[in-house]
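Structure, as structure tokens:
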Amino acid sequence: MSKWESVIGLEIHAQLSTKSKIFSSSSTLYGKDPNKQASYVDLGMPGTLPVLNKSVIKKAIQFGLAINAKIANKSIFARKNYFYPDLPKNYQISQLDSPIVEGGYIEIKDSNNQNKKINITRAHLEEDAGKSIHSNENNCTYIDLNRAGTPLLEIVSEPEIANSKEAVSYMKKIHNLVTYLDICDGNMQEGSFRCDANVSVRKIGDKNLGTRTELKNINSFKFVEKAINYEIQRQIDLLEDGKNVIQETRLYDENKDSTKSMRSKEEANDYRYFPDPDLLPLNIDKELIENIKKNLPELPDQKKERFIKSYSLNAYEANVLVSEKEISDYFEEVV
């Protein structure tokens, strides 16, 4: 029996399904020719100003209400400063101290098929970066800025996930939720829904968390499970050999089924956050929140309960039918 236990937290990035970007009128359509959908605003050219896309506010509030979270009355956008080749402004507009959604939770099934509550720290709005496409053949990196400025909702869990199976269950539950709400298309192959996993291990019974590593940009349920399992074992092997785990960001290589170091892990103060001087604080009135609450669609857990009662299904059958919105809609049409 292992003397180690893993502690996992997920940061899920859901691209919000808007026609235009979060701070510009550029299109968010996927698959267009490189760099054809990046405006001067997305590139941060001198003299340009961001203008907030109002529809992202509604979508973030919908998510917050669906997870029983607190919606902030006042929310602030901040600049997160760092350099990437695919981030031409050298900063990303995000949220730090005053996110639009705070708290909330979802329920999953643990390894013993018991209900387990995973608390959510926050969900905040931010803009996506562009994309670096690495070519081994030509020994160079291409930059496509079409994705720069696409609206993201970053959903941050508490470190309450015990293993890779629970991580996948949690990720599937969030995926189900955002697609039922119709705020994200959930397309993982196109990068609309992806996650970073913070993984650490500690001896069973220890209260202090171990040193964590962050596994970056994983875009499939299978790879999340495999990447976490590999990383847990890698950290245990290091500790049992008397070595230390280094806090860093790592990438998962699905071809080799291994993780590799990408960079040392930054902390919030490394990013030199400060309120964005071009964007006013976001004031959200209670009437807007109440209106959105009244018009929320039926959510997966509610639909599951209704299917069990209305159609005399068992829990397994209802689970299968509500696992994807298209399947549940089709089932009801057939009935």
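On a predicted model such as this, the values are computed, not experimentally measured, just so you know.
Here the side chain of Lys116 pairs a donor or acceptor atom with the backbone of Glu160 at under 3.5 angstrom. For Asn53 (side chain) and Ser20 (main-chain N/O), a donor-acceptor pair under 3.5 Å exists by modelled atom type. A distance-only check finds a donor-acceptor pair linking the side chain of Asp253 to the backbone of Lys256 [under 3.5 Å]. Asp241 places no side-chain N or O within 3.5 Å of a backbone atom of Lys243 that could act as its donor or acceptor partner. With Ser157 contributing its side chain and Leu10 its backbone, the two residues share a donor-acceptor pair below 3.5 Å. Between the side chain of Asn198 and the backbone N or O of Ile8, no donor-acceptor pair lies under 3.5 Å. Side-chain N or O atoms of Thr28 include one that pairs as donor or acceptor with a backbone N or O of Thr18 at under 3.5 Å. Although no hydrogens or angles enter the test, the distance criterion places a donor-acceptor pair under 3.5 Å between the side chain of Lys21 and the main chain of Ala148. Between the side chain of Glu127 and the main chain of Ile93, a donor-acceptor pair closer than 3.5 Å is present. In terms of modelled atom types and a separation under 3.5 Å, the side chain of Thr141 and the main chain of Ile133 share no donor-acceptor contact.
Atom OH of Tyr82 has more than 12 heavy atoms from other residues, nucleotides or ligands within 6.0 Å. Annotation for Tyr105: atom OH does not count as buried by contact number, only 12 or fewer foreign heavy atoms lying within 6.0 Å. Within 6.0 Å of CD1 on Ile246 lie no more than 12 heavy atoms contributed by other residues, nucleotides or ligands. Heavy atoms of other residues, nucleotides or ligands lying less than 6.0 angstrom from CD of Glu240 number more than 12. Counted within 6.0 Å of OH on Tyr330, heavy atoms from surrounding residues, nucleotides or ligands total 12 or fewer; the atom is thus considered open. Within a 6.0 Å radius of NZ in Lys293, other residues, nucleotides and ligands contribute 12 heavy atoms or fewer. Residue-environment remark: CG (Asn115) exceeds the threshold of 12 foreign heavy atoms within 6.0 Å. Within a 6.0 Å sphere centred on NZ of Lys165, heavy atoms belonging to other residues, nucleotides or ligands number 12 at most.
Between Thr213 and the choices Gln235, Arg234, Gln247, the side chain to side chain donor-acceptor pair (under 3.5 Å) rule is met once, by Gln235. Among the candidates Lys80, Glu126, Arg79, the single residue satisfying the side chain to side chain donor-acceptor pair (under 3.5 Å) test with Ser94 is Glu126.
Figure legend: cation-pi geometry between Lys226 and Tyr252 absent, as NZ or CZ is not positioned both under 6.0 Å from the six-membered ring centre and within 45° of its axis.
The shortest heavy-atom contact between Leu299 and Ala66 is CD1-CB, 3.8 Å. Nearest heavy-atom pair, Ala315 versus Ile308, reported as atom, atom and distance to 0.1 Å: CA-CD1, 4.0 Å. Met171 approaches Ile218 most closely through the heavy-atom pair CE-O, 4.2 Å. Between Ala162 and Ser6 the shortest heavy-atom distance is O-OG, 2.6 Å. Nearest heavy atom pair, residue Gly130 against residue Leu145, reads CA-CD2, 4.2 Å. Between Glu166 and Asn163 the shortest heavy-atom distance is N-OD1, 2.9 Å.
The distance from the CD1 atom of Ile100 to the CD1 atom of Ile71 is 7.0 Å, given to the nearest 0.5 Å. A distance of 3.5 Å separates OG in Ser75 from CD in Gln95, rounded to the nearest 0.5 Å. Note that the CG atom of Leu125 and the CD1 atom of Ile22 stand 5.0 Å from one another [nearest 0.5 Å]. Here CG of Leu239 is found 7.5 Å from CG of Asn244. Values are rounded to the nearest 0.5 Å. Taken from CG in Leu280 to CD1 in Ile76, the straight-line distance is 10.5 Å, to the nearest 0.5 Å.
Using cut-offs of 30° and 60° on the angle between ring planes, the pair Phe77 and Phe23 is perpendicular.
Note: the hydrophobic cluster containing Leu296 also contains Ile289 (ILVMFWY, side chain heavy atoms under 4.5 Å, direct or indirect links). Tyr180 and Ile106 fall into different hydrophobic clusters, where Ile, Leu, Val, Met, Phe, Trp and Tyr side chains are chained together by heavy-atom contacts under 4.5 Å. Neither Ile155 nor Leu152 shares a network with the other; the hydrophobic side chains, linked directly or stepwise wherever heavy atoms of I, L, V, M, F, W or Y lie under 4.5 Å apart, form separate groups for each. With hydrophobic clusters built from ILVMFWY side chains whose heavy atoms lie under 4.5 angstrom apart, Ile118 shares a cluster with Leu177. A single hydrophobic cluster is seen to contain both Val201 and Leu238, as judged by linkage of ILVMFWY side chains at heavy-atom distances under 4.5 Å, directly or through other members.
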### Task
Go through the steps to decide whether Asp185 and Gln15 satisfy the test side-chain contact (heavy atoms from CB on, under 4.5 Å), and finish with yes or no.
CA-CA 8 Å; Asp185 65 20; Gln15 281 187 356; over 6 Å; no
### Task
Go through Gln189 and Asn219 one step at a time and tell me if the side-chain contact (heavy atoms from CB on, under 4.5 Å) criterion holds.
CA-CA 7 Å; Gln189 284 178 309; Asn219 65 346; 5.8 Å; no
### Task
Give the intermediate values and the outcome of side-chain hydrogen bond (donor to acceptor under 3.5 Å, both in side chains) for residues Tyr84 and Asn90.
CA-CA 7 Å; Tyr84 276 167; Asn90 292 338; over 6 Å; no
### Task
Would you please test Tyr30 and Gln37 for side-chain hydrogen bond (donor to acceptor under 3.5 Å, both in side chains) and show each step?
CA-CA 10 Å; Tyr30 179 82; Gln37 294 180 176; over 6 Å; no
#### Entry: Stepwise side-chain contact (heavy atoms from CB on, under 4.5 Å) test for Ile120 and Tyr170
CA-CA 11 Å; Ile120 290 172; Tyr170 169 83; 3.8 Å; yes
### Query
Can Asp237 and Gln233 be said to form a side-chain hydrogen bond (donor to acceptor under 3.5 Å, both in side chains), step by step?
CA-CA 6 Å; Asp237 291 344; Gln233 193 56 53; 2.9 Å; yes
### Task
Test side-chain contact (heavy atoms from CB on, under 4.5 Å) on Ile232 and Ser164 and set out the steps.
CA-CA 9 Å; Ile232 289 168; Ser164 63; 5.5 Å; no
### Task
Could you go through the side-chain hydrogen bond (donor to acceptor under 3.5 Å, both in side chains) check for Thr259 and Glu231 one step at a time?
CA-CA 7 Å; Thr259 65; Glu231 186 58 22; 2.9 Å; yes
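Side chain to side chain, Ser261 and Glu248 meet the donor-acceptor criterion of an N or O pair below 3.5 Å.
Ion pairing between a basic and an acidic side chain is recognised when a charged N comes within 4.0 Å of a carboxylate O; Lys131 and Asp86 show no such pairing.
The salt bridge (Lys or Arg N to Asp or Glu O under 4.0 Å) search around Lys325 returns Asp329, not counting sequence neighbours.
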